[in-house]
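Single-structure report; data block below.
Computed over heavy atoms, backbone and side chain alike; hydrogens, waters and symmetry mates excluded. Note on naming: letters A, B, ... go to the chains in the order of the sequence lines (proteins, then strands), and numbering restarts at 1 for each one.
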Amino acid sequence: MRNKVVTIEEAMHHIKDGMTIMIGGFMAAGTPEKFMDALVKKGVKDLTIIGNDGGWPNKGIGKLVCNKQVKKLIASHVGLNPEVGSQMNSGELETELVPQGTLAERIRAGGNGLGGILTPTGVGTIVEEGKEKITVDGKVYILEKPLKADIALVGASIGDKKGNLYYNKATKNFNPLMATAAELVIAGAEKIVEVGEIDSNDVMTPGLFVDYIVEV
Amino acid sequence: MRNKVVTIEEAMHHIKDGMTIMIGGFMAAGTPEKFMDALVKKGVKDLTIIGNDGGWPNKGIGKLVCNKQVKKLIASHVGLNPEVGSQMNSGELETELVPQGTLAERIRAGGNGLGGILTPTGVGTIVEEGKEKITVDGKVYILEKPLKADIALVGASIGDKKGNLYYNKATKNFNPLMATAAELVIAGAEKIVEVGEIDSNDVMTPGLFVDYIVEV
Amino acid sequence: MNVKEIIAKRVAKELKDGDVVNLGIGLPTMVANYIPEGMDVTFQSENGFVGLGQAPEEGQEDKDLVNAGGQPVTVVPGAAFFDSSVSFGIIRGGHVDATVLGALQVDEKGNLANWMVPGKMVPGMGGAMDLVVGAKKVIISMTHTQKGKPKILKVCNLPLTAAGQVNMIITEMGVMQVTDKGIVLTELNPEYTVEDVKNATEAVFVVAEDLKEMEI
Amino acid sequence: MNVKEIIAKRVAKELKDGDVVNLGIGLPTMVANYIPEGMDVTFQSENGFVGLGQAPEEGQEDKDLVNAGGQPVTVVPGAAFFDSSVSFGIIRGGHVDATVLGALQVDEKGNLANWMVPGKMVPGMGGAMDLVVGAKKVIISMTHTQKGKPKILKVCNLPLTAAGQVNMIITEMGVMQVTDKGIVLTELNPEYTVEDVKNATEAVFVVAEDLKEMEI
């Protein structure tokens, strides 16, 4: 069996300037925070980040934004990190705002081999601009396209050595979706256990999705 | 709190001739078998059944087919119940065969308010006949439309009095998807426990989807 | 009772036993305080659970359990956690009975603008666009005017959150239903006259023949 | 070694440490018997889990644990259960490294027909269409002819399972790669001559310059 358990340095080695990176979590709950610190330290830049939000100034995705490592942010909400707004205004940061449910479905579509999904969300708003609209059974939908990434950084509560992951409470959010949608998936788990210790019924991300796992 | 726990007779009371019914399970694993028996006894007819398969002659959806209660069957596989084939040949039973992954996505779309999904499955085959094809980023997909039902009959291992459900091992299959996609959802659980006894992390179908629950 | 309390208390009366409800940030959150004892209303939190409870006591915060604003919360017995695609499947799929949100503007067609002001910092739509499109009933709860300026308009001029989805507007002045034929004032706070409401409203509205005193 | 064993043994050599593999019903199932000790290959079962193990001993069957043919199976440590949408998300999303299936017909373009014969009882495509479109590598394992009649054709004349998705054909006579330029015979079972293979094959194929002896 290939060993998936690596150190944080080994894991971060895969992240290069200019990459597109999905980062799990919701307002930093479920975000692999140690990976954020490691990326700040590593100083990779020109990143495209896909995440639910812009985090807080000192927490979650916000750390990367404040350290000016992010070129483009694809998220649903950035209001709790004023630095996002100021970098948007100064033109340093490009943002693509996506309705939260659409963001979840686009990531899921990317990971699940779908060419897109039809959603009623955003019809009649600026969200529909530049997108194809399709009427099904008399109702208008927007065709939203899949999102994929080079790397997904997900935060788990427990992981096993095969990469099976378990997320506690509200830390699940975007993590299981992102774990399906990137070329390389790196999980930060608060605790790593032996294979078989997570009940097969309780696995929330099957290990086949996970390339590397770090105890954080 | 409204009481969702009812007897099998009370639950089956909602099922009428001509209804469209989703039935969970995969080759009868996870199918609420006692509901099949109750429907045979009740004798409702002209049903449209949506399920993974045609079951076995004496098990699962097969019981309803053999008792000639099914007008139309939407499924991915019917090969293990010869009665389906003979009723198809005699014109008694209409069948719509759907690739299994597409069936899962169509039901999920129905329950999740999506107008459809784009799948590469079936492109270049008879599955694409009569359907819209959409090219996204140079790849051809079929637009598959949502499936919904009047009733979903799902089989759970454990349920609580609020309708939260837990499915053991391979009995999950189509059950959690179908629980989202019907006007009325009736769960058969092998065991009913008090609210709170299923860990909130382990709930596989939140109770909000379930209208009635029967201990079977 | 202050203005916000009046509004929140009146909104609470719209909720029924067994309802699944999503409350927006701010004033809508206060609605939870006015649910009558013994009435079973389940609160959904779009970051990934149903069964949202009270704020935790100081020192009892759980880093894995926050609401959509990133603030520590608790859950009630029978709660269920899920990922963001399930969370918005619940919302978009029509499984949320009511959503209560604030507004910058609402208009005669039931259009809603509550997510951006051009030229100002744009926080992002978060889950609002999905909620307004997906919930069975969309209740706008807000102060009737913004510093004396009407917010209930003939036509919204800010970018929309959703087109034609608002069902009801509850302010400190009264209750309005948004119907196919326009806005109808159905309840009036006895502290105001119909004339007061007209002066504070740009939209044209009809006064219900059986105009009632606002239940507070 | 009989013909089926030869084929299954050769297919097993295509699998690599760490692979996730889906085996079709029948001959492909036998491939599991030839995985070398210590090599970590995970088997996916499309009815909802990864980590498929051996058949259970008699009396040890678990009604909640069956394979896609409805037969009792076991799982290995580190297995994970999921619903059918996740199962086919794994398949369609390219997370299955190889799928091994039988065929009625394969042709020079990599088209596959293995699900229906017009006029005969149609069992349904089950998960085959998704597997063939989604798996990274599609390996057809079958006897070279059907009662002496070629199955590797210029053009399939039965309804297709998928268009242009087959990568490799392994029969008792040898190994063929399906390339953009057509079929290439890369390995020959020493019990046969190239002439034998040509006589048993309707499709035109090229013999690889470095034609090897079939590894059995």
Testing the basics here: between [X] and [Y], what is the closest heavy-atom pair and its distance to 0.1 Å?
X: A80(C); Y: P206(B); value: CB-CB, 4.0 Å
X: K162(B); Y: T42(C); value: NZ-OG1, 4.3 Å
X: N112(B); Y: G89(C); value: OD1-CA, 2.9 Å

Tell me if the [atom1] atom of [X] is crowded by more than 12 foreign heavy atoms within 6.0 Å.
X: K63(B); atom1: NZ; answer: yes
X: Q54(C); atom1: CD; answer: no
X: K45(B); atom1: NZ; answer: no
X: K131(B); atom1: NZ; answer: yes
X: K4(C); atom1: NZ; answer: no
X: N2(C); atom1: CG; answer: yes
X: E215(C); atom1: CD; answer: yes

Next on the checklist: I'd like to know which of V75(C), V41(C), I90(C), V50(C) tops the heavy-atom pair count under 4.5 Å against chain B.
Outcome noted: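 Option with the top pair count is I90(C).
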
Item to check | Side chain, backbone, both or neither of N201(B) within contact of chain C (heavy atoms, under 4.5 Å) | outcome: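 Answer is both: backbone and side chain atoms of N201(B) are under 4.5 Å from chain C.
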
Could you state the interatomic distance from [atom1] ([X]) to [atom2] ([Y]), rounded to the nearest 0.5 Å?
X: T205(B); Y: F82(C); atom1: OG1; atom2: CZ; value: 11.0 Å
X: D97(C); Y: L208(B); atom1: CG; atom2: CG; value: 9.0 Å
X: L114(B); Y: R92(C); atom1: CG; atom2: CZ; value: 4.5 Å

Checklist entry - Distance-only, no hydrogens or angles: does the H95(C) side chain make a donor-acceptor pair with backbone N or O of T180(B) under 3.5 Å? => result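 Yes, H95(C) side chain to T180(B) backbone: donor-acceptor pair under 3.5 Å.
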
Checklist entry - Between the main-chain N or O of A79(C) and the side-chain N or O of S200(B), is there a donor-acceptor pair closer than 3.5 Å? => result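 Yes; judged by distance alone, with no hydrogens or angles, the pair exists.
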
